[in-house]
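Written below as structure tokens is the structure these notes are about.
So that the names make sense, note that chain A is the first sequence line, chain B the second, and so on, each numbered from 1. Please read all numbers here as calculations on a predicted model, not as lab measurements.
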Amino acid sequence: MAEDEMTQAENEISDAENVNEEAAAPVDETAHEIAHAHIPSDTTDVLGITLPFPIYTAVFVILAVLTVIEVVVGTGSSGAVIAIILAAIAFGKAYLVVSYYMHLRTDNRLFTYTLVFPLIVGILGILWLILVAPEAGGVE
Amino acid sequence: MAQLVETHGHTHDHESPQAKAENLKFAMWLYLASEVIIFSILIAAFAIFRVRQPEMVDEAREALSISFVSVNTFVLLASSWAMVMGLLAIQKGNNESMVRWIGLTGVLGLTFVLLQLVEYQELRHEGIALYSETAGRFGQRFYPLTAFHGAHVIVGVIWAFIVMFKGIKRQYSPTNYIGIEIFGLYWHFVDVVWIILFTMIYLI
């Protein structure tokens, strides 16, 4: 009699565990989906050529090359056109980091808006101070 | 967006892991947005000085070593690469590799700070200080901007070693790495700011 009660209690516990596992399953699957979302492969395809390293390494090589180009161009000559070229390269590098390393290319669009809005305000503010407001230190 | 709205009105206990991760990332992006404005103000001060006093900036630049700072820039770019490789490692379940990459991130960040201190020492010997009669006006624009960025790097280095330590204690897994991802957002932002500062201060 006592053994029957024990067996029944064990079965109830076992059933309860099964229920818990079933309830937990969707959460685990969700976590699994997060973990494997947007994970780059070990190779990178560029113009039909497969490179033996992940996209992160390819981006780093591009950033390093662009930095060398910047230094060569920046130390070799000066002027408005050179300044615009250097600024364009710098923003290109920043775009690569933000898009690939900070995952804005694949993440929620709201994150992009969160970054872009203050960036536009900041850039317009700087340009206004330099170009429009001489009393604030801009061009006279 | 849907994930962010989904959890509105619920307690943290009822958040799905995905919604919690999205909310943490959004919070980090909001913080970074405020940083954009703060750095914009400091950059504006330098940019206006560059336009108004080009001869003073050109004179000060003769004391700045472009090659030295270029190496330091490369060090910071490499640290960003190490950071994201660490994230990739934990996503693939390789905790040991993640610890090594994040440790390298911290070491490279520390190297950047130390090299920046060396640069400051060199500039001081050249007479470029925060307060000096000759080049003080340049120093007042240069030091607050670069030192404020340097302070962010120091915070990032400490954070990197905390993440590394937690990694050693196996607190991350392929299904739980949001802590590393959040640190990565901060660290890459610091890198992006330097990309802009390097070009503006030393090249344009």
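Aromatic rings of B:F189 and A:Y101 (six-membered ring for Trp) have centroids beyond the 6.0 Å cut-off, not under it.
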| request: Apply side chain to side chain contact (heavy atoms under 4.5 Å, CB included) to the pair B:I66 and A:V71, showing each step before the final yes or no. | output: CA-CA 8 Å; B:I66 298 295; A:V71 173; 3.9 Å; yes
| task | Output, in order, the C-alpha distance, side-chain angles, deciding distance and verdict of side chain to side chain contact (heavy atoms under 4.5 Å, CB included) for B:M83 and A:Y56. | result | CA-CA 10 Å; B:M83 166 63 236; A:Y56 296 148; over 6 Å; no
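Closest approach of A:A87 to B:T199, counting heavy atoms only: N-CG2, 4.4 Å. Minimum interatomic distance between B:A44 and A:I126 (heavy atoms only, all atoms of both residues): CB-CG1, 3.6 Å. Between B:I195 and A:A90, the closest heavy-atom pair is CG2-O, 3.4 Å. Counting all heavy atoms, side chain and backbone alike, A:G122 lies closest to B:S40 at CA-OG, 3.6 Å.
The closest side-chain heavy-atom distance from A:N108 to B:K25 is not below 4.5 Å. Here the side chains of A:E70 and B:F198 are in contact, with some heavy-atom distance below 4.5 Å. The side-chain heavy atoms of B:F26 and A:L110, taken from C-beta on, include a pair separated by under 4.5 Å.
Only the side chain of B:K92 comes within less than 4.5 Å of a heavy atom of chain A; its backbone N, CA, C and O stay farther away. Both the backbone and the side chain of B:A78 have a heavy atom closer than 4.5 Å to some heavy atom of chain A. Heavy-atom distances place both the backbone and the side chain of A:L63 under 4.5 Å from chain B. In this structure, the portions of A:P40 lying under 4.5 Å from any heavy atom of chain B include both its backbone and its side chain. Looking at A:L104, only its side chain comes within 4.5 Å of chain B, counting heavy atoms on both sides. Contact of B:L87 with chain A is made through the side chain alone, with heavy-atom distances under 4.5 Å. For chain A, the nearby parts of B:S80 are the backbone and the side chain; heavy atoms of each come within less than 4.5 Å. Both the backbone and the side chain of B:L185 come within contact range of chain A, each with at least one heavy atom under 4.5 Å from a heavy atom of that chain.
Listed options B:R50, B:M85, B:M200 were ranked by heavy-atom pairs under 4.5 angstrom with chain A; first place goes to B:M85. Listed options A:I82, A:V59, A:V98, A:D107 were ranked by heavy-atom pairs under 4.5 angstrom with chain B; first place goes to A:D107. Of the listed residues (B:I178, B:I196, B:L88), the greatest number of heavy-atom pairs within a distance under 4.5 Å of chain A belongs to B:L88.
The aromatic rings of B:F74 and A:F60 sit tilted relative to each other, their planes meeting at an angle between 30° and 60°.
Applying the 6.0 Å contact sphere to CZ of B:F148 captures more than 12 heavy atoms from other residues, nucleotides or ligands. The 12-atom threshold is not exceeded at CZ of A:F117, counting heavy atoms of other residues, nucleotides or ligands nearer than 6.0 Å. The number of heavy atoms from other shown groups lying within 6.0 Å of CZ (B:F68) is above 12.
Interatomic distance, CG of A:L131 versus CD1 of B:I48, reported as 10.0 Å (0.5 Å rounding). Considering CD1 of B:I90 and CD1 of A:I39, their distance stands at 10.5 Å, rounded to 0.5 Å. Atoms CG and OG1, from B:L76 and A:T67 in turn, are 10.5 Å apart once rounded to the nearest 0.5 Å.
For the side chain to side chain contact (heavy atoms under 4.5 Å, CB included) test with B:V36, the passing option among A:V116, A:L119, A:T114 is A:L119; the others fail.
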